[in-house]
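Below is one structure, written out as structure tokens; the observations come after it.
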Protein chains: 2
Amino acid sequence: MSRPCPQHQHPHRLIQQPLSDLTDKLRQGELKITIPRQAILDVLRKHSSPLTIKEIHTSLGKLDCDLATIYRNMHTLERMGLVRRYDFGDGAARFELSPEEGDGHHHHLVCTRCARIVELDDCFLNEFQDQLARRHGFTQISHRMEFFGLCPNCQVP
Amino acid sequence: MSRPCPQHQHPHRLIQQPLSDLTDKLRQGELKITIPRQAILDVLRKHSSPLTIKEIHTSLGKLDCDLATIYRNMHTLERMGLVRRYDFGDGAARFELSPEEGDGHHHHLVCTRCARIVELDDCFLNEFQDQLARRHGFTQISHRMEFFGLCPNCQVP
DNA sequence: CTTGAGGATGCAAGCGGTTTGCAATTTTCC
DNA sequence: GGAAAATTGCAAACCGCTTGCATCCTCAAG
């Protein structure tokens, strides 16, 4: 389905962090270090683009843990800021490891046919967002933005 | 799918009692003008912000038509370009009448507490989008972008 | 090293939004 | 009016996701 993205297109910011870092964070959050938890983080570390729960589950392979466990873990990991959730509008949430520290906010360009995902590094919307907030009196403002189209490989039926 | 050539269809239609623009378009698309269909379009015409299927259904009131019918109709109306679908990430699709003719592309600022929706008139992303397409070799490119925050009324718990 | 409290998991049931198969009905055209 | 085709209602199913509950595991205190 989704194939690996050419390296030159997006030097992604998933800095390979030592496992101890992650487990450290787990401990800080008073989370127990369990087999499924470690395995999920491992899977996420090995992929550069956001994965669905199903993809995570099949990536876990022989460690065939329950879907409910993955769902629950994605929530807790998200709550801890270890993982970032994306919604491409196809009904399945996708997750990737949060880039280290900085808010690492970024967006995606998604092929509507093969689901290939290109990561876009920069988000230029912050000042526009602030302006919007001021104009309409909103606070705690955030945004979702994704691009869709046919990738080069999918343009010939 | 295939639309008849505008010149060669239903010549009598033009001199009949004035039908709404919408029913006009239904005929052009070879869609039958049914009670539920008209009622749904009526509801959408009376609301300025996108409605969920449920909201449409309750707005239909005494004409208590089946949810499946609404779902099916939203698909066909969307395919005809009469209706626009939005996804605010809360699991329920929302629909509004397509702005007349021009692509009428626009975005929303959604209160995450009371779901109040502010429509933003302009979209400044088109040239950026084209640039993206060129850079990554994508075609048929489009985007989704929504803003979220707390509206003025929801800022004091 | 043992132990136990509370977190985490597996299982199964359930939920909300959406889709679909099919028979019955409605719209439209003649 | 009557036939063909589109549309509807109904019920069941689907999909992603959540939850209740009994059991299991982790980890720190002893």
Side-chain angles (χ1 to χ4, degrees), chain A residues 20 22-41 50-58 60 62-80 82-83 85-95 115, chain B residues 1-4 8-13 16-17 19 22-41 50-58 60 62-80 82-83 85-95 115:
Chain A
S20 56
L22 290 179
T23 48
D24 256 18
K25 287 203 175 175
L26 287 183
R27 283 186 218 258
Q28 282 173 34
E30 293 172 340
L31 296 185
K32 294 186 172 168
I33 300 176
T34 66
I35 314 282
R37 207 105 88 186
Q38 289 182 102
I40 289 171
L41 288 172
L51 300 179
T52 63
I53 296 282
K54 261 190 188 165
E55 289 167 340
I56 293 172
H57 182 251
T58 64
L60 286 179
K62 94 183 177 71
L63 193 148
D64 176 35
C65 83
D66 199 90
L67 284 179
T69 299
I70 307 185
Y71 279 108
R72 279 188 279 233
N73 271 315
M74 296 329 283
H75 275 128
T76 53
L77 294 174
E78 187 189 9
R79 198 174 349 111
M80 290 205 52
L82 276 175
V83 146
R85 174 190 302 258
Y86 291 99
D87 173 6
F88 294 166
D90 64 349
R94 276 154 219 267
F95 302 86
Chain B
M1 285 299 188
S2 61
R3 299 187 182 185
H8 298 90
Q9 59 185 159
H10 314 301
H12 59 284
R13 168 174 48 75
Q16 273 192 340
Q17 182 170 354
L19 289 164
L22 291 180
T23 46
D24 233 33
K25 285 202 176 173
L26 286 184
R27 285 186 205 240
Q28 284 176 30
E30 294 173 339
L31 295 185
K32 294 184 174 172
I33 300 175
T34 67
I35 313 280
R37 207 104 88 185
Q38 289 182 102
I40 289 170
L41 287 172
L51 299 180
T52 63
I53 297 282
K54 260 192 188 165
E55 288 167 341
I56 293 173
H57 182 250
T58 64
L60 287 178
K62 93 182 178 70
L63 194 149
D64 176 33
C65 83
D66 199 272
L67 284 179
T69 300
I70 307 185
Y71 279 107
R72 278 188 280 232
N73 271 315
M74 297 327 285
H75 275 128
T76 53
L77 294 175
E78 187 189 9
R79 224 175 38 228
M80 291 205 51
L82 276 174
V83 146
R85 174 189 301 257
Y86 290 100
D87 173 6
F88 294 166
D90 63 349
R94 278 154 218 266
F95 302 87

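Only this structure's heavy atoms are used, side chains among them; waters, hydrogens and symmetry mates stay out. A note on names: the letters A, B, ... follow the listed sequences, proteins ahead of strands, and every chain is numbered from 1.
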Indicate the atoms forming the closest heavy-atom contact of B/Leu63 with B/Pro36, along with that distance.
-> CD2-CA, 4.5 Å
A/Asp64 and A/His57 side chains, donor-acceptor separation under 3.5 Å = yes
Taking only the side-chain nitrogens and oxygens of B/Lys54, find out if one of them lies under 4.0 Å from OP1 or OP2 of C/dG17.
-> yes
CG of A/Asp90 versus P of C/dG17: gap in Å, rounded?
-> 18 Å
A/Arg85 to A/Ala93 - nearest heavy-atom pair and separation = NH1-CB, 3.6 Å
B/Asp87 atom CG is separated from C/dG16 atom C1', nearest whole Å, by 15 Å
Note: A/Leu60 and A/Ala39 closest approach over all heavy atoms is CD2-CB, 3.5 Å
Considering only heavy side-chain atoms of B/Thr34, the closest of C/dT19, C/dT27, D/dG9 is C/dT27
Of the listed nucleotides C/dC11, D/dC17, D/dT7, the one nearest the side chain of A/Asp66 = C/dC11
Whole Å only: how far is the CG atom of B/Leu60 from the C1' atom of D/dG9?
-> 15 Å
Residue A/Ile35, side-chain heavy atoms: nucleotide from C/dT9, D/dT8, D/dT26 that is nearest | D/dT26
Candidates C/dT18, D/dG9, D/dC17 - which lies nearest the side chain of B/Thr69 = D/dG9
Quick one: A/Arg94 CZ to D/dG16 C1', roughly how many Å, whole number?
-> 12 Å
Winner on side-chain proximity to A/Pro36, out of C/dT9, C/dA8, C/dT18, is C/dT9
Over how many whole Å does the gap from B/Gln38 atom CD to D/dT7 atom C1' extend?
-> 13 Å
Considering only side-chain heavy atoms of B/Ile33, which listed nucleotide, D/dT18, C/dT20, C/dT28, is closest?
-> C/dT28
Rounded to whole angstroms, how far apart are NZ on B/Lys32 and C1' on C/dC29?
-> 9 Å
Find the distance A/Ile53:CD1 to C/dT9:C1' and express it as a whole number of Å.
-> 15 Å
Is B/Ala68 touching bases, backbone alone, or none of the nucleic acid, heavy atoms closer than 4.0 Å?
-> base
Please test A/Thr69 against A/Thr34 for side-chain contact (heavy atoms from CB on, under 4.5 Å), starting from the C-alpha separation and ending with a verdict.
-> CA-CA 11 Å; A/Thr69 299; A/Thr34 66; over 6 Å; no
Interatomic distance, B/Asp64 CG vs D/dC10 P [rounded to whole Å] | 8 Å
Between A/His75 and D/dT18, does any side-chain N or O lie under 4.0 Å from OP1 or OP2?
-> yes
Shortest side-chain distance from B/Ala92, nucleotide among C/dG17, D/dT8, C/dG10 | C/dG17
When you measure from the side chain of B/Leu31, which nucleotide among D/dT7, C/dG17, D/dT8 comes out closest?
-> D/dT7
When all nucleic acid strands are considered with a 4.0 Å heavy-atom cut-off, which category describes A/Leu67: base, sugar-phosphate, or nothing?
-> nothing
Under 4.0 Å between a side-chain N/O of A/Thr52 and OP1 or OP2 of D/dG16, yes or no?
-> no
Between B/Arg72 and B/Phe95, which is nearer to the 5' end of DNA chain C once each is assigned its nearest nucleotide?
-> B/Phe95
Distance test, side-chain N/O of B/Tyr71 to OP1/OP2 of C/dT18, below 4.0 Å = yes
Answer with base, sugar-phosphate or nothing: what part of the nucleic acid does B/His57 contact at a heavy-atom distance below 4.0 Å?
-> nothing
Looking only at heavy atoms, the pair that brings B/Cys65 and B/Ile70 closest together is SG-CG1, 3.8 Å
